[in-house]
Structures are given as C-alpha cells and as structure tokens.
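These notes concern the structure reproduced below.
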Amino acid sequence: MSPIRTSADLTAYVVHSLGYWPEHSIVFLATTPGGIGPCLRADWVQDITADEKHDFLTEILQMIPTQDRDGETLNSIFCLIFGETGTTDAHNIHSGQSWQPELELIQQDALATGRAQEWVSSTYTAIEKSPFDLTCMLFINTYTRWHTNDPAAEFSFDGFVEDIVLSDHYSEQVFSGSTPSKTLQEHAERQYWNVDASRDAPTANSWHDDAVFWAQSYRAMTSNSESYCLNYTAQKTAEFTLWDDAITTIENICHPDNRSALDTHWADKIRSALPAEVAGYLASTLTTMGSSQLVMGVACVGLSTVTRSLAELDHLATPVGAVSTAPVPLLLPKSTMRAVQPNQEPSTNSVDSGTQVGATLENALDTIASYLMGTTPQAPPWLRLEALEILLHLVRGICTPDVMGRVLALLGWIHWLRGSSSQAHTLLMSSRDHQETPEFIAFEEAINHNFLPLWCTSGEQAWRGREFDLPN
C-alpha cells in the first residue's frame, strides 16, 4: 500500500500505472474512499466544438467501471490533461537534484493552459451525467503543473514537473522496480520479460543458436508451397497441441505458487524445459494471421475448443459423402513425434473446463471469436495469456523476418485484451514494418472505433496487473 497525499503523488501514480509519460492525453482516474484506480487514457483531441468535446468525454466516462473487484463503489474521479510532457528532461533528474525552469519557460507553459482551459466546462458538464463526482482537474505541461476544482475558474499554478519525480509515491514505485518509459513508443517496444537473461550464458547462447537454425529450417520447408502437408487439419491440430504444451510449461514454471522453486533463473528453466528444436518449430508455424489468432485461442479458451473449430472448418470444406482418409505423416520435431499423433484427440485441460463449458463443434469458432474480440463478459485466463506473452517474446528472438510482424501483432492483441489500446495500436503499427502486405487484424477495427473488451468495464473481471513477478 502506498499513500497518495499530493497532486504530485497522484500524477506519479498515473505515470507508473500507464508505464510511460503520457503526452497530448486526457486521463481519468477513478477512486473509492479506500483506494485508487482504474486509470483510463485517451488522445487529447484538438480543435473540436463544445458539443464534440462533451460527446467525446461522455464516451470515455462510460468505459470506466463503477465498482472495484471488492464491490466498492467508485464514486470520485480526477481528470488530468497532459500537454507537451514528452519533450522535457525534467522527469529524468536524479534524486537529490533540483532544477527550476527560467521565468520565460514558465510563462510559455502558462500560455498553454489556455488550450486545457477550453475543456474544463465540457468536463464538468459530462461528469454531471455520470455516476462520478469530479474532485479536481490537473494540467501537466512541459515544465509546470496546474489545477482547478471550479468549472468557472481558471487553472492555478500547482508546482513544477520535477515535483512528480521527487514525490514520495514516484520514489516508492522506482524502489519497487517500476521504471516508466519516456514515451508510449518506447513503452510499447519494451520487453518486460527478459527472456535472454541467464546464469549460464554459454548454454543459453547455444540454445538460441539452435532454435534459430530450426526456425529457419522448418520455415524453408513450409514456404515453398501453400500446402506443406497432406492433411492440413491434422497438421495444425498437432501444431496447436505443441503451443498448448509450451504455454502450460511456462505457466507451471512461472506460476506464483512455484516461485520458491526458482532455484535458477526462470528463463533458464524455460529453455531447459522447452527444447530448442521445439521452440524453433513453434516460430515457424505462424504461417498466416489465421493460425496466429488460433494460437491466441489456445491461451484464451483452451486447446479442445480450438481443435473443435478446426474440425468445424474441415467439415465445412469437405464435400458431402467424402470418405475420411487414413492417418497421414505430419511435419513435427523428432522429440515430439511420439507425443502428438495424427488424429489424436487432445485431452481437455483446466482452461476448457473453466471457461468453455458446453463448447461444441457448431459454436467453437464463435466462442473463440467472442473472446478474441472481447464480446463476452467473461475475461480470459490472465495467467495463460501471460505465459503466451513470455513465449512470444521467446519466439520473437528466433523467428524469421516474415513471422516477426505476426508476433508483434499478437503481442499487441494481448495488450488490447487487457485494455491497453494505446500500446496495442503502437505494436500493431510496428508490426507493419515487417510485412510487405498488411494482413487484416480484427482488433484494429475495435481500436479505431474506441471499443474495449466488455470485461474491461467490470471491476471483477478486468486485468489487475502482472501475475508473474519474475526478477530480470
């Protein structure tokens, strides 16, 4: 528990909650009598009418949960407007140092409050039709901070930006290991899971080199033709079985209940449990965006539902009266040939039984789509998605260039499922740098229409932060 005593502490909370210093942003921060959060950020749109401001703010406020996970009502809210914060070095100072801007720079910031002032009346009007009470509005610009708690009053000087960095809450968060990025772009590209860390560098480097070799080898086998196997459904079922096994392996190694078992570095344990040939093989299987989405489905709804969806697709593509063929050989790593057999019925895991009771051949595809697009109120299993995120970062370092775009898109999709649309959009744009022809990705439309998964507005279902507290 960390007390929030001042407006500088409050802003520090926002910066660390988002993970970066927001710029040209409007942030709403909801509170209860005993706690603080959630935090919602949106682009600060310029040059729009008062009615458009009101509609824009109303839409944002409707996305904020009204209760926390304990059922306590979120009754108060703060509004923070961030201006040109990304251009300053004031938040890069070191503890014990102090620097105040020259009067000319302070006056420059004072003039900038005029743009923020235009939003004060619209914000208070929009709040009146929401279940929240607006406690205060803050404006944070390049060097200075301003505040107002009166819709008819102008912003008043509240201090310097450096006060945020020197605040008690900011210092406590840094001490606990939180380091916010300077910009959203830098934050999106940061790899939270240091999968390259090791206490045995030679062994780790050898594993990486072997995994790269296998990724390139398998990719060469599958890139010469559209069909690299005699039975596509059986082949993809085997591939997703290996993805499921890898996700489960990482989840078991990194699960909070197993932290005492981390007698060596967690990344070393993953490499020890995941053969380089298998990791390289997994990196080669993301041949289409459709395959990538079903990998997400393996984490969200479980392997059984995904294999049922493959059977559904196979049934739709099979002519009436066709006779099923005998088992055919599959392209698989040698170490897994015996573990995954053609037409093998995968066992039902805990994810399926917990989230997909009653999923049948007819509704498997709809079930996967409802989770990937956030149209079901039931949140996906966050530990499974976290394990997939770690696996994707591992694959990111060994995949061929043509697969990199899909890996980045999947990482963005995971962030969107958590409610981080801004970070998801940034990763999606980065993924386009690795693809000659951009592939259609469904959650991009959701981002463009300001849509969040339904569970993001539920205090009980929303993502609460990282479960795998792993030292890097």
Side-chain angles (χ1 to χ4, degrees), residues 1-31 35-44 77-113 115-116 135-149 155-192 420 422-423 426 465-466 472:
M1 299 294 291
S2 178
I4 304 295
R5 299 186 177 94
T6 68
S7 59
D9 282 338
L10 191 79
T11 309
Y13 175 88
V14 169
V15 170
H16 281 274
S17 177
L18 294 175
Y20 61 94
W21 283 78
E23 186 175 25
H24 300 299
S25 302
I26 291 181
V27 176
F28 283 105
L29 182 63
T31 65
I36 189 168
C39 178
L40 190 148
R41 189 211 72 87
D43 290 344
W44 181 18
I77 200 166
F78 291 86
C79 178
L80 299 89
I81 300 178
F82 289 83
E84 301 282 349
T85 57
T87 61
T88 180
D89 291 328
H91 52 257
N92 296 328
I93 63 174
H94 300 286
S95 178
Q97 294 181 345
S98 181
W99 174 82
Q100 292 187 1
E102 300 174 356
L103 179 59
E104 181 181 352
L105 297 177
I106 297 176
Q107 293 174 335
Q108 176 180 307
D109 268 16
L111 292 174
T113 61
R115 296 195 304 273
T135 303
C136 183
M137 288 189 67
L138 303 175
F139 176 58
I140 302 93
N141 207 51
T142 309
Y143 305 104
T144 56
R145 301 179 295 113
W146 307 75
H147 82 280
T148 183
N149 54 10
F155 277 103
S156 301
F157 180 74
D158 197 35
F160 297 104
V161 169
E162 72 164 8
D163 298 335
I164 302 169
V165 183
L166 297 177
S167 68
D168 292 339
H169 183 78
Y170 196 99
S171 300
E172 290 174 7
Q173 292 300 307
V174 171
F175 181 77
S176 64
S178 173
T179 306
S181 302
K182 296 179 183 179
T183 64
L184 170 60
Q185 181 70 34
E186 180 182 307
H187 177 62
E189 293 177 352
R190 175 187 292 179
Q191 296 187 29
Y192 291 98
S420 301
S422 303
Q423 193 168 357
T426 302
R466 300 190 182 279
N472 278 329

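- In this structure, E23 and L184 have side chains that are not in contact, with every pair of non-hydrogen atoms separated by 4.5 Å or more.
- Checked against Y20 for a side chain to side chain donor-acceptor pair (under 3.5 Å), the options Q185, R41, H187 give a single hit: R41.
- Between W44 atom CH2 and H24 atom NE2 the span is 8.0 Å, to the nearest 0.5 Å.
- Using a 4.5 Å heavy-atom threshold, the side chains of F78 and V14 count as separate.
- Checked by atom type, the side-chain pair R145/T11 shows no donor-acceptor distance below 3.5 Å.
- For the pair W21 and P180, the tightest heavy-atom approach, listed with the atom from each and the gap, is NE1-CG, 4.3 Å.
- The environment of CZ in R190 is crowded: more than 12 heavy-atom neighbours from other residues, nucleotides or ligands sit within 6.0 Å.
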Stepwise side chain to side chain donor-acceptor pair (under 3.5 Å) check, W146 with T144:
CA-CA 7 Å; W146 307 75; T144 56; 2.7 Å; yes

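- Closest approach of S167 and A8 over heavy atoms only: OG-O, 3.9 Å.
- For R5 against D168, the heavy-atom pair with the smallest separation is NH1-OD2, 3.9 Å.
- A 4.5 Å side-chain heavy-atom check between M137 and H147 finds every atom pair outside the cut-off.
- Residue S25 holds its OG atom at 8.0 Å from CG of L18, rounded to the nearest 0.5 Å.
- With contacts defined as side-chain heavy-atom distances shorter than 4.5 Å, the pair V161/I140 qualifies.
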Can you check side chain to side chain contact (heavy atoms under 4.5 Å, CB included) on T6 and D9, steps first, answer last?
CA-CA 5 Å; T6 68; D9 282 338; 3.5 Å; yes

Between H169 and I4, does the side chain to side chain contact (heavy atoms under 4.5 Å, CB included) criterion hold? Intermediate values first, please.
CA-CA 7 Å; H169 183 78; I4 304 295; 3.5 Å; yes

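- Judged purely by distance below 3.5 Å, without hydrogens or angles, the side chains of Q108 and E104 never pair a donor atom with an acceptor atom.
- Considering all non-hydrogen atoms of both residues, D158 and S7 come closest at OD2-OG, 2.6 Å.
- Side chains of I164 and Y170 form a contact here, defined as non-hydrogen atoms less than 4.5 Å apart.
- Contact check for I36 versus L29: side-chain heavy atoms found under the 4.5 Å cut-off.
- Between the side chain of T426 and the main chain of S422, a donor-acceptor pair closer than 3.5 Å is present.
- The two residues A116 and F139 come nearest to each other via the heavy atoms CB-CD1, 3.6 Å.
- With D163 contributing its side chain and F160 its backbone, the two residues share a donor-acceptor pair below 3.5 Å.
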